[in-house]
2 protein chains.
Amino acid sequence: MTDAMPATRTRRGSSAQGRAEVRRELVAAAARLFDERGYEDTTVDDIAGAAGVGRRTFFRYFRSKEDAISPDHEGALARVAEVFATAHAGEPTTALVMRAGETVFELYTADPALSLRRYRVTHQVAALRDRESASVDHYRRLFTRNLRQRFAGSPDGDMRAAVTAAAVVAAHNLALREWLAAGAPDDGGRSCRERFREVAALLPGEPVRRADPLHAVAQRLEAAADRLERSRLP
Amino acid sequence: MTDAMPATRTRRGSSAQGRAEVRRELVAAAARLFDERGYEDTTVDDIAGAAGVGRRTFFRYFRSKEDAISPDHEGALARVAEVFATAHAGEPTTALVMRAGETVFELYTADPALSLRRYRVTHQVAALRDRESASVDHYRRLFTRNLRQRFAGSPDGDMRAAVTAAAVVAAHNLALREWLAAGAPDDGGRSCRERFREVAALLPGEPVRRADPLHAVAQRLEAAADRLERSRLP
DNA sequence: ACGGTAACGGCACTCCGTGCCATTAGCAAG
DNA sequence: CTTGCTAATGGCACGGAGTGCCGTTACCGT
């Protein structure tokens, strides 16, 4: 018999560009299907089929069905961490957190149309909203860790770090949501950043920092504890 | 043949107390199994079997496997909403949000041992951490909605609402985590509430409070030691 | 004693996510 | 051009979550 003709198609994912192309097609297919047919009524088979790949391949590009519609938070998280890591010790904390926060806007302003589609779908599906909340919380934790080190030595340092981090992340999200609700105007994210900057006026004042020998010891202990904590995460 | 003897056990879930009893047993079984065997390596069948009910019945008590280890956030959310709904219009906003926030502590302080077990399990499993983040975000949204109404008319009302809500929720979680890290001392949640109240000084528009920096260093040393101890526990 | 109600257990099903493996395109060396 | 290696692919099967359906049965009011 002439057999099933196993579809000798070009293997697009072989090269680096090929992988990027397949990934884009999967994202586009997922966004379109989630939007048209609804998230729950779209299976992974549907997405893979629409992109012209097998179901198994889908899971080689995304860890889960939800990941197909989520932006690359891992990459953005790494960039924010880099901002904190390379920051000059003398930079005012408020300026630093604003700079770190603005880094994340690019994740959305790079492709306004896609961001808009993601926004629409995400805010209609409870499961995706919750996933987004969890992702946002990862930023909050990252900010909190770094601020806790910066505020070390200040009275209420931990509380101040927690509050400041949460405030910055919340302001970021507010600016982002308003930008999306306005139709994601392609101004390079300027409207986003300007709105975001308003949070600076609402942040708690700069804590007192002193040249205290105990300060360095405490900071190193905290850093060690952080490393331990982080190394335990899978 | 003597057949399978369909286990003519008493139907505990028939009465209201029966339902509560079954639910408690399921929660206890889930907490124990998650703790001993790990979350991923525990199936719903295991939990149901340990509680002496069928798998199908488990899903009549909990929407998902994760729900078995989560506190009743829906109920707490409703109570917080009630606080906002019945608040006097003249009550200062800060006092109101503190009152609303404190309501949630009871969810944990009512059963310190169970809360401790939940905390341990939740912070070891990424899926449960993310779920917790999503639940917490529901509180943040509830606070934001009510504060937005209160701040309506103010020029930066929405931003203030977003920042204040995020700050209050973050402070609540910090107080809760510290209480849990301290072994959940059964003082009726007083330590929680006192720590939580410190956020009032950091809220937008409130004055900044200063304290003795040496005291802060000592506090941080203790906290760091706690984290070290905790991180090598399991 | 009896009939209605509601909880129960079991079965079958869909779908997500993963391990395994044979196939094959693409590429480099001979 | 041929050969051999590497890596992406897709198909298959499996475990587990969550759901719809249904016959059974304990409980309870009359």
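Below, chain A is the first sequence line, B the second, and so on; all start at residue 1.
A distance below 6.0 Å separates the ring centres of A:Phe196 and A:Phe105. Taking the six-membered ring for Trp and the full ring otherwise, B:Tyr139 and B:Phe143 have centroids separated by 6.0 Å or more.
Residue pairs that meet the ring-ring contact (aromatic ring centres under 6.0 Å, His included) test with at least one member in residues 35-56 of chain A, sequence neighbours left out, are A:Phe34-A:Tyr39. Among residues at least two apart or in separate chains, side-chain hydrogen bond (donor to acceptor under 3.5 Å, both in side chains) pairs with a member in residues 20-31 of chain A are A:Arg12-A:Glu25.
For DNA chain C, the neighbouring residues in residues 26-46 of chain A, judged by any heavy atom under 4.0 Å, are A:Thr42, A:Thr43, A:Val44.
For the side-chain hydrogen bond (donor to acceptor under 3.5 Å, both in side chains) test, residues two or more places apart in sequence or in another chain that qualify with A:Ser191 are A:Asp187. For A:Val136, the side-chain contact (heavy atoms from CB on, under 4.5 Å) partners two or more places apart in sequence, or in a different chain, are A:Glu132, A:Val169, A:Asn173.
Of the candidates D:dG10, C:dA7, C:dG9, C:dA7 carries the atom nearest the B:Arg19 side chain, counting heavy atoms from C-beta on.
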Any protein N or O atoms within reach of nucleotides 19-22 of chain C? Criterion: under 3.5 Å, listing atom names and distances.
from: C:dG19; atom 1: N7; to: A:Arg56; atom 2: NH2; distance (Å): 2.9
from: C:dG19; atom 1: O6; to: A:Arg56; atom 2: NE; distance (Å): 2.6

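If you measure from atom CZ of A:Arg55 to atom P of D:dG11, you get 12 Å, rounded to the nearest angstrom. The CZ-C1' distance, from B:Phe58 to C:dA7, rounds to 17 Å in whole Å.
Residue-environment remark: CZ (B:Arg99) exceeds the threshold of 12 foreign heavy atoms within 6.0 Å.
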